[in-house]
Structure formats: structure tokens, C-alpha cells
Amino acid sequence: MIKLFSMKKDAASAEKKKPKVSAAQIRVQKDLSELELPKTMEMSFPSPEDLLNFNLSIKPDEGFYKGGEFKFTFKINSSYPHEPPKVHCTQKIYHPNIDLDGNICLNILREDWKPVLNINSVVVGLQYLFLEPNAEDPLNKEAAQDLRTDRRHFEGNVRRSMRGSAINGVQYDDVMA
């Protein structure tokens, strides 16, 4: 009888040592298991046991940004999926919807987020920003104005900035893959 009690106590203490899995972790695990990334994207986990913080690399194979490699960090808090992930571009790039600090203007990361959306929705949204930058909802107003008024000039600025050149006094990161 005493031995049975001590075994139960050992099992209970082992259970206490395991960290609890949050609802956000369960949902992220589900989202990631259903994710089918195209060959132009790659996901990495700096800490394999931490699914709530990861990196995404996008290498567009068409459009203005073809040939570049763009890196993003995803930070998901415990309120996910009720709140969107925090996504940040780690490089300084010339893009109408990404400011010089790496903040991203994507409506589903702000006011249009709904719990039915998932990581795949965000990944597709980011991919779309590189295929079709949106000059009507900019964070980088200078790049947006350039895109609206002279697409060829915008394309030239994108190419130069992707090679690490300065545009209008702002030095951009070399993102050529």
C-alpha cells in the first residue's frame, strides 16, 4: 500500500515538471502541420522546441522582387488565434508595404485578422505583397508614390536597393540570393 502511494506521488511530481501546452501552441502545431510551403519559401526554428517563434524566408521567382531573399520573424503570443502573429521583416528593403524598420502593412495582421485565419493565411499574404505591392495602403510612402507614378522607375529602384544600394539617401540591405 505504501509503495503504491509513493509511485502515485512520483508520477504526480513528474507531471508537474512537464510544462503545460497552451491553446496557442496546440493551434500553431496544427497550423504548421497543415502548411505546404512553395519552393520559394523556407521556414526555420531557432529553437526547435519553441513553435511560437520562427523565421520565414521568401525568394520570389517572379515580379519586381525576383532574385531576392527576404527574411521575416514570426512571434506568436498566447492569445493566438484570437490575435494575429507579430511579423517583422529583418532587412531594410524598398517596398511600399514594408517600412524601413521592418513593419509590415498587411491588413490580416491588423484590423482584418480573424481567428479562422492561420499561419498559412499570413504566409500567402506576404508572398502576395512581393508579387503585387499595394501602393494604395503604404507604410513606405516614397516607394508607394514611385510605384503609382512611374512603375519603370520603381522597378529600377527595387533592383538597385536589392543589391544594397542607397535610394534617396537611404542605404538598403543586399538581399540578392
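Hydrogens, waters and symmetry mates are skipped; everything else that's a heavy atom, side chains included, is used.
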Tell me whether [X] is salt-bridged to [Y], with the criterion being a basic N under 4.0 Å from an acidic carboxylate O.
X	Y	value
Asp101	Lys92	no
Lys30	Glu34	yes
Asp137	Arg110	yes

Close side-chain approach of [X] to [Y], heavy-atom, < 4.5 Å:
X	Y	value
Phe154	Pro96	yes
Val122	Leu117	no
Asn55	Pro46	yes
Ile119	Ile76	yes
Asn97	Leu106	no
Met162	Ile93	no
Pro115	Tyr80	no
Ile58	Glu69	no

Which atom of [X] lies closest to which atom of [Y], heavy atoms considered:
X	Y	answer
Ala24	Asn77	CB-O, 3.7 Å
Cys89	Ile98	CB-CG2, 3.9 Å
Pro38	Gln127	CG-NE2, 3.9 Å
Pro85	Leu109	O-CD2, 3.6 Å
Met41	Leu37	SD-CD2, 4.0 Å
Pro138	Ala144	CB-CB, 3.4 Å

Could you tell me the separation between the [atom1] atom of [X] and the [atom2] atom of [Y], rounded to the nearest 0.5 Å?
X	Y	atom1	atom2	result
Ile26	Leu51	CD1	CG	11.5 Å
Arg27	Leu52	CZ	CG	12.5 Å
Lys59	Lys66	NZ	NZ	14.5 Å
His88	Ile104	NE2	CD1	7.5 Å
Ile108	Trp113	CD1	CH2	6.5 Å
Glu83	Ser78	CD	OG	8.0 Å

Just by distance, do the side chain of [X] and the backbone of [Y] share a donor-acceptor pair under 3.5 Å?
X	Y	answer
Asp173	Val175	no
Gln25	Ser22	yes
Ser165	Ser161	no
Asp146	Arg148	no

Worksheet entry | Near-ring test Tyr65/His95, centroid separation under 6.0 angstrom | yes
Worksheet item: For the rings on Phe64 and Phe130, is their centre-to-centre separation under 6.0 Å?
Response: no
Discussion item. Would Thr73 and Asn53 count as a side-chain contact (heavy atoms from CB on, under 4.5 Å) here? Give the steps.
Written reply: CA-CA 7 Å; Thr73 58; Asn53 295 288; over 6 Å; no
Item to complete: Measure the acute angle between the ring planes of Tyr172 and Tyr94, then classify it against the limits of 30° and 60° as parallel, tilted or perpendicular.
Response: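 Tyr172 vs Tyr94 ring planes: perpendicular.
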Item to complete: Would you check if there is a donor-acceptor pair between the side chains of Ser57 and Glu42 at a distance under 3.5 Å?
Response: no
Practice prompt. Could you give me the CA-CA distance, side-chain angles and deciding distance for Leu126 and Phe74, then say whether side-chain contact (heavy atoms from CB on, under 4.5 Å) is met?
Written response: CA-CA 12 Å; Leu126 289 173; Phe74 279 64; 3.9 Å; yes
Linking I/L/V/M/F/W/Y whenever their side-chain heavy atoms sit closer than 4.5 Å, directly or via other members, would [X] and [Y] fall into one cluster?
X	Y	answer
Leu139	Ile167	no
Met43	Val28	yes
Tyr128	Leu56	no
Met176	Phe72	yes

Item to complete: For atom CD of Gln29, decide whether the heavy atoms of other residues, nucleotides or ligands shown that lie under 6.0 angstrom number more than 12.
Response: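 Counting neighbours around CD of Gln29, 12 or fewer heavy atoms of other residues, nucleotides or ligands fall under 6.0 Å, so no.
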